[in-house]
Amino acid sequence: MTSVLQQLMKVFVTRRIPPAGQAVLTQAGVCSIQQWDSEEPIPQAELLAGVAGKDGLLCLLSDRIDKKVLDAAGPNLKVISTLSVGYDHLAIDEIKKRGIRVGYTPDILTDATAELTVALLLATSRRLPESILEVKNGGWTTWKPLWMCGYGLSGSTVGIIGLGRIGRAIGYRLKPFGVKRFLYTSRQPKLEAAAELKAEFVSIDKLAKESDFVIVTCSLVPETQGMCNRDFFRKMKETSVFINTSRGAVVNQEDLYEALVNGEIAAAGLDVTTPEPLPTDNPLLSLKNCVILPHIGSATYSTRNVMSALAANNLLAGLNGEDMPSELKL
Ligand code: NDP
Ligand code: DGY
């Protein structure tokens with residue numbers, strides 16, 4: 001028995017993961033698993049100790065896998081599999097230098113995230129949380145012509161920052177609401193998706209100035225960090241709604257607060273913030289025209305289970321030196 005265990009590859013899993021992925025890992029029988037078996041994030045010291053000497057690491061977007069963690073892992077580490085499509089928490093340059101392969105979970109969460117983005121947009125633009133509260137606290141006294149009015153999608157211009165998998169899926173879902181015009185930015189024009197949406201590839205300035213709804217779905221990279229700042233919000237219309245389901249750091253939150261308080265934009269809906277969780281005394285939480293969700297874009301039971309299984313299969317394939325179902329090209 002001891003000799004069999006010695007041949008097993010060692011993996012570290014930084015959290016309790018949804019059952020589908022857990023089953024894939026345990027039934028594979030090719031690795032010995034050490035796991036932070038909790039719903040809560042792993043403390044840094046436990047991560048550094050747990051990863052030492054491992055061949056594989058399965059992590060979450062809330063685990064910062066930096067040089068320190070990679071050094072602690074040591075030279076055996078061959079594969080990192082993240083339970084996310086975003087990989088801004090991984091020190092990609094260091095990982096690449098060390099020849100470590102990376103698995104991630106694109107496509108399978110696109111529908112859930114696009115759906116949630118549409119829900120957040122409607123909740124923000126039609127003031128749903130505020131309205132629900134008014135019903136509960138007695139603020140609903142009678143039907144009033146302009147009370148709880150918001151902004152509709154019909155006839156509007158929607159600007160999408162980052163027309164990738166999720167950006168496109170949001171566009172397809174919004175089109176039947178009667179959106180008149182789609183604008184988008186990306187690093188390169190997306191001809192096929194743009195043709196289907198009749199979307200125009202524009203500068204970020206034009207997108208800010210002309211959109212009634214701005215939706216951020218780009219990845220977090222150095223060029224997009226803090227991209228939605230004071231200058232950006234000042235270019236937006238006073239009646240426009242800003243939605244972010246990408247990463248919190250794309251937005252300068254102090255500038256967003258000013259824009260919301262000063263009426264430079266109408267409202268904002270955020271599924272992602274800096275930091276996460278957002279402290280309950282953050283000024284944005286005091287604003288009626290700001291709707292904040294706790295990073296639930298991909299949070300359907302089935303999506304999270306499929307993500308979990310894919311992350312486990314990526315890890316196993318990487319350990320076995322095989323093609324991963326979803327490998328990030330470094
Ligand atoms: P994609 O890679 O398909 O899309 C990312 C898009 O960002 C691409 O179109 C890319 O453009 C664009 N982009 C990159 N840099 C810039 C830039 N400088 N300016 C404008 N656009 C830029 O990824 P997905 O659509 O699958 O996911 C997008 C992001 O959404 C993830 O990285 C993650 O952070 C976030 N996410 C959030 C979730 C949530 O729960 N809220 C759930 C899932 C994802 P190009 O193609 O031209 O390079
Ligand atoms: C991701 O996958 O990057 C999301 O933020 C969570 O699903």
Side-chain angles (χ1 to χ4, degrees), residues 15 17-18 21 58-65 81-90 92 102-121 159-173 182-194 197 199 201-208 214-229 232 243-251 269-274 276-278 291-308 310-311 314 326 328-329:
R15 195 80 68 88
I17 59 170
L58 196 157
C59 66
L60 271 61
L61 58 88
S62 48
D63 305 314
R64 189 139 295 283
I65 308 301
S81 172
T82 181
L83 190 89
S84 62
V85 65
Y87 50 87
D88 46 281
H89 56 300
L90 307 179
I92 291 296
V102 174
Y104 71 144
T105 64
D107 299 312
I108 53 170
L109 45 57
T110 296
D111 287 344
T113 309
E115 201 171 278
L116 185 280
T117 308
V118 173
L120 177 59
L121 184 151
I160 301 176
I161 298 182
L163 197 67
R165 291 173 288 251
I166 295 171
R168 247 174 281 164
I170 294 167
Y172 299 151
R173 281 162 177 75
F182 284 99
L183 308 176
Y184 75 100
T185 68
S186 270
R187 279 179 283 216
Q188 283 126 25
K190 307 279 168 228
L191 300 179
E192 198 187 315
L197 291 171
F201 182 55
V202 295
S203 68
I204 188 120
D205 282 4
K206 186 172 162 85
L207 185 142
V214 170
I215 307 173
V216 184
T217 57
C218 61
S219 34
L220 173 61
V221 289
E223 305 84 66
T224 58
Q225 176 128 17
M227 180 169 71
C228 298
N229 58 15
F232 179 85
I243 302 295
N244 182 17
T245 46
S246 88
R247 284 291 182 266
V250 175
V251 176
L270 313 174
D271 182 44
V272 285
T273 59
T274 311
E276 292 184 2
L278 192 66
V291 177
I292 302 188
L293 302 178
H295 201 149
I296 55 167
S298 63
T300 71
Y301 291 111
S302 71
T303 302
R304 289 286 167 82
N305 264 299
V306 177
M307 286 169 70
S308 170
L310 178 55
N314 281 337
S326 283
L328 182 66
K329 302 290 168 238

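Whatever order the structure lists them in is the order used to number ligands and atoms, beginning at 1.
Contact annotation: the side chain of T113 never approaches that of L116 to less than 4.5 Å [non-hydrogen atoms, C-beta and beyond]. Residues L90 and C59 form a side-chain contact, since some pair of their non-hydrogen atoms from C-beta on lies under 4.5 Å apart. Side-chain atoms of L328 and I92, non-hydrogen and from C-beta on, do get closer than 4.5 Å to each other.
Close approach of ligand 1 to G162 is summarised as follows: ligand atoms under 4.0 Å from at least one heavy atom of the residue are 7 (O), 9 (O), 12 (C), 21 (N). Shown in contact with L163 at under 4.0 Å from a heavy atom are these atoms of ligand 1, numbered in order with element: 9 (O). Per-residue contacts place S84 under 4.0 angstrom from the following atoms of ligand 2 (heavy atoms of the residue considered): 1 (C), 2 (O), 3 (O). Interface of L109 with ligand 2, defined as ligand atoms under 4.0 Å from a residue heavy atom, comprises 2 (O), 7 (O). Atoms of ligand 1 lying under 4.0 Å from any heavy atom of H295, numbered from 1 in the order shown and given with element: 39 (C), 40 (O), 41 (N). Of all atoms in ligand 1, numbered sequentially from 1 with element shown, those under 4.0 Å from a heavy atom of S298 are 40 (O).
Considering backbone and side-chain atoms alike, D271 places an N or O below 3.5 Å from some N or O of ligand 1. Annotation: T245 places an N or O atom under 3.5 Å from an N or O atom of ligand 1; distance criterion only. Of the N or O atoms in S219, one or more lie within a sub-3.5 Å distance of an N or O in ligand 1. An N or O contact shorter than 3.5 Å is missing between L83 and ligand 2 by distance. Taking distance alone, with nitrogen or oxygen atoms compared against 3.5 Å, Q188 approaches ligand 1 more closely than that limit.
Shortest non-hydrogen contact noted between I292 and L278 is CD1-CD2, 3.7 Å. Taking both residues in full, the closest heavy atoms of S308 and L83 are given as CA-CD1, 3.3 Å, listed atom of the first, atom of the second, then distance. What you find for L310 and Y104 is that their closest heavy atoms are CD2-O, 3.9 Å. Here the closest non-hydrogen pair linking G21 and I17 is C-CD1, 3.8 Å. Listed here is the closest heavy atom pair of L109 and M307: CD2-CE, 3.7 Å. When all heavy atoms of T274 and G248 are compared, the closest pair comes out as OG1-C, 3.2 Å.
The closest non-hydrogen atom to atom 46 (O) of ligand 1, taken over H89, K190, E223, comes from K190. Comparing heavy-atom distances from atom 30 (O) of ligand 1 across I166, V216, V250 singles out I166 as nearest. Around atom 31 (C) of ligand 1, the closest heavy atom drawn from L293, V85, L61 belongs to V85. Across H295, M307, R304, E276, heavy-atom proximity to atom 5 (O) of ligand 2 is greatest for H295. If you check each of L61, L60, V85 against atom 2 (O) of ligand 2, the one with the closest non-hydrogen atom is V85.
If you check which protein heavy atom lies closest to atom 7 (O) of ligand 2, you get S298 OG, 2.7 Å. When only non-hydrogen protein atoms are considered, atom 21 (N) of ligand 1 lies nearest to S186 CA, 3.5 Å. Summary of contacts: the protein heavy atom closest to atom 22 (C) of ligand 1 is C218 CB, 3.8 Å. Nearest protein heavy-atom neighbour of atom 33 (C) of ligand 1: R247 NH1, 3.5 Å. Protein heavy atom in closest approach to atom 16 (C) of ligand 1: T224 CG2, 3.6 Å. The protein heavy-atom contact nearest to atom 28 (C) of ligand 1 is T217 O, 3.4 Å. Of all protein heavy atoms, the one closest to atom 4 (O) of ligand 1 is G164 CA, 3.4 Å. Considering only non-hydrogen protein atoms, atom 10 (C) of ligand 1 sits nearest to R187 NH2, 4.2 Å. Scanning the protein for heavy atoms near atom 26 (O) of ligand 1, the closest one is R165 NE, 2.9 Å. Here the heavy atom of the protein found nearest to atom 3 (O) of ligand 2 is R247 NH2, 2.7 Å.
Although no hydrogens or angles enter the test, the distance criterion places a donor-acceptor pair under 3.5 Å between the side chain of S203 and the main chain of K206. At least one donor-acceptor pair under 3.5 Å links the side chain of R168 to the backbone N or O of G164. Panel note: side chain E276, backbone T273; a donor-acceptor pair is recorded below 3.5 Å. In this structure, S186 contributes its side chain and L163 its backbone to a donor-acceptor pair below 3.5 Å. Listed for the N244 side chain is a donor-acceptor partner under 3.5 Å among the backbone atoms of R247. For the pair S326 (side chain) and N314 (backbone), a donor-acceptor distance under 3.5 Å is absent. Within the 3.5 Å criterion, the main-chain N or O of S302 finds no donor-acceptor partner in the side chain of N305.
With respect to S62, the side chain to side chain donor-acceptor pair (under 3.5 Å) criterion is satisfied by exactly one of H295, H89, R15: R15.
Not a single heavy atom of R168 lies less than 4.0 angstrom from ligand 1. A heavy-atom separation below 4.0 Å is not found between L220 and ligand 1. Ligand 1 is never approached by P106 to a heavy-atom distance shorter than 4.0 Å.
Neither the backbone nor the side chain of I204 comes within 4.0 Å of ligand 1, counting heavy atoms alone. Heavy atoms of M227 found under 4.0 angstrom from ligand 1: none, in either backbone or side chain.
There is no side-chain donor-acceptor pair under 3.5 Å between T117 and R173.
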